[in-house]
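Taking it in order: structure first as structure tokens, then the write-up.
Start at 1 and go down the list; that is how both ligands and their atoms are numbered. Worth knowing before you read on, the calculation uses all heavy atoms, side chains too, and leaves out hydrogens, waters and symmetry mates.
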Amino acid sequence: MSRPTTASPSLEVAERRSRALAAAVEAHPRAHRVLTGDRPTGPLHVGHLFGTLLNRVRLQDLGAEVFVLVADYQVLTDREAPADLASDVLGQVADYLAVGIDPGRATIFAHSQVGGLNELLVAFLSVVSVAEVGRNPTVKDELAAAGGGAMSALMFAYPVHQAADILFCHANVVPVGKDQLPHLELARTVARRFNDRYSPTQPYFPEPEGLLSTAPLLLGVDGQKMSKSRRNAIAISASEDETTALVRSARTDAERHVSYEPERRPEVANLVLLAAMCLDEAPGQVAEAVGPGGAEALKATLTDALNDRLRPIRRRRQALAADPGYLREVLARGNEHAGEIAERTLRQVRELMHMVY
Ligand code: TRP
């Protein structure tokens, strides 16, 4: 029986594959090219830090080649280009550098600045069907939210564009959250289709693999999904006073004694977990230490843990933010490097597609 090529594999399969991939990267870091990125919609927060940023630094330090993408075109999928996009982009670069992404070893670039990458999208659009893209859960949700109406064609093409983000540099490792797995599956389909059609004897594109975050999911201080727009997230760049105020506003529950019971007491457990991650301790241990002190003691512990953990990062970030010329230079160098790679790929793609005249 042939497997439908667009079916997203079950989470269990993805998790198993991700564990094997993590071991392979660990064993042969230099055989791996890692690409991941973020939409520049505002300051990155502690969810990003523990969920993905520190892992990127780890992969870089292991010796893997790391590409970090500022996905600025993706901001346009659900809004107009905001007037402050440039400052969000530079702010994101500052966040990356402050947490330890090293521009001497990693490539930080914005996909709007890499023409070859975007041209690859045209070739890729030709190997997937409208129905196939329409089955992508993000596209489907957006279409439903737009009532079948005002979804932009760029939003529709979003997962195919993301395939270009990944394949332009032949990345084979893509650190992502679970929500991105269907996009990755489409990138794999694009790679496979392109290879079957234009390079059948020797596959040209690798089929990229998802490296799933093993960090537990952090919620915002209100117990909801951590998000920039909900104002429930502690930004890496927030001041100590802002951090203190956000933690003070955090939701807890009516029980006095602090415990770590994620199912029964999700809000309290989330605050305990966040403190534990900052302190590099087990959540149970943190809960026990706070115990009878109640919500007030928990918040005091969390505030100190966050501010202590983030202090050196924030110090670096402040120095970086004061030097936008340097941030622009880092980005320009990354754009140039990504641009060279994209041009080479595009040249080879045109050759394979019989488009050399
Ligand atoms: N869609 C991703 C997000 O919203 C960002 C992204 C764009 C990305 N292109 C990518 C992630 C390529 C991994 C690989 O988080």
Side-chain angles (χ1 to χ4, degrees), residues 8 14 18 21 25 32-45 47-53 55-56 59 64-79 85 88-89 92-93 95-96 101 106-114 116-118 120-121 124 133 136-142 145 152 154-191 205-213 215 217-218 225-229 233 334-335 338 341-342 345:
S8 71
S18 171
L21 179 64
V25 177
H32 293 89
R33 187 171 267 190
V34 178
L35 181 135
T36 191
D38 311 274
R39 298 191 300 150
T41 51
L44 297 177
H45 52 62
H48 296 111
L49 180 70
F50 291 115
T52 175
L53 296 174
N55 195 41
R56 295 178 197 176
L59 292 167
E65 196 177 357
V66 175
F67 284 72
V68 183
L69 159 73
V70 179
D72 50 354
Y73 264 136
Q74 265 192 17
V75 173
L76 311 188
T77 51
D78 59 3
R79 70 193 80 177
L85 183 59
D88 281 344
V89 167
Q92 192 159 302
V93 174
D95 284 338
Y96 289 155
I101 293 172
T107 302
I108 300 173
F109 70 102
H111 63 179
S112 70
Q113 308 302 302
V114 180
L117 183 162
N118 292 294
L120 210 50
L121 171 63
F124 288 174
V133 178
N136 177 279
T138 304
V139 171
K140 236 160 74 176
D141 289 353
E142 289 292 330
S152 76
L154 181 62
M155 178 69 232
F156 190 80
Y158 159 113
V160 191
H161 197 200
Q162 193 153 323
D165 291 340
I166 297 167
L167 295 175
F168 92 93
C169 66
H170 294 238
N172 49 9
V173 178
V174 187
V176 282
K178 296 183 187 87
D179 62 311
Q180 300 285 309
L181 283 173
H183 304 340
L184 198 63
E185 205 46 36
L186 192 69
R188 292 166 62 82
T189 301
V190 166
F205 286 114
E207 284 186 42
E209 300 245 25
L211 188 63
L212 289 168
S213 172
L217 185 71
L218 286 168
K225 183 177 171 351
M226 201 183 281
S227 102
K228 297 163 192 164
S229 54
N335 292 338
I341 294 173
T345 300

Which donor-acceptor pairs under 3.5 Å do the side chains of residues 174-184 make with protein atoms, sequence neighbours left out?
{"unit_1": "Gln180", "atom_1": "OE1", "unit_2": "Gln162", "atom_2": "NE2", "d": "2.9"}
{"unit_1": "His183", "atom_1": "ND1", "unit_2": "Asn136", "atom_2": "ND2", "d": "3.1"}
{"unit_1": "His183", "atom_1": "NE2", "unit_2": "Thr138", "atom_2": "OG1", "d": "3.3"}

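- Applying the salt bridge (charged side-chain N to carboxylate O under 4.0 Å, His left out) test to Asp88 and every residue at least two apart in sequence or in another chain returns nothing.
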Open item on the list: Test ring-ring contact (aromatic ring centres under 6.0 Å, His included) on Tyr158 and Tyr73; report intermediate values, then the result.
Closed with: CA-CA 9 Å; Tyr158 159 113; Tyr73 264 136; over 10 Å; no

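- Two rings, from Phe124 and Phe205, have their centers less than 6.0 Å apart.
- Every residue was checked against the salt bridge (charged side-chain N to carboxylate O under 4.0 Å, His left out) condition with Asp165, not counting sequence neighbours, and none meets it.
- Between the side chains of His161 and Asn118, at least one donor N or O sits under 3.5 Å from an acceptor N or O.
- When heavy-atom distances to ligand 1 are checked against 4.0 Å, the residues falling inside are Leu35, Thr36, Gly37, Arg39, Leu69, Ala71, Gln74, Tyr158, Gln162, Asp165, Ile166, Val174, Val176, Gln180, ordered by chain and number.
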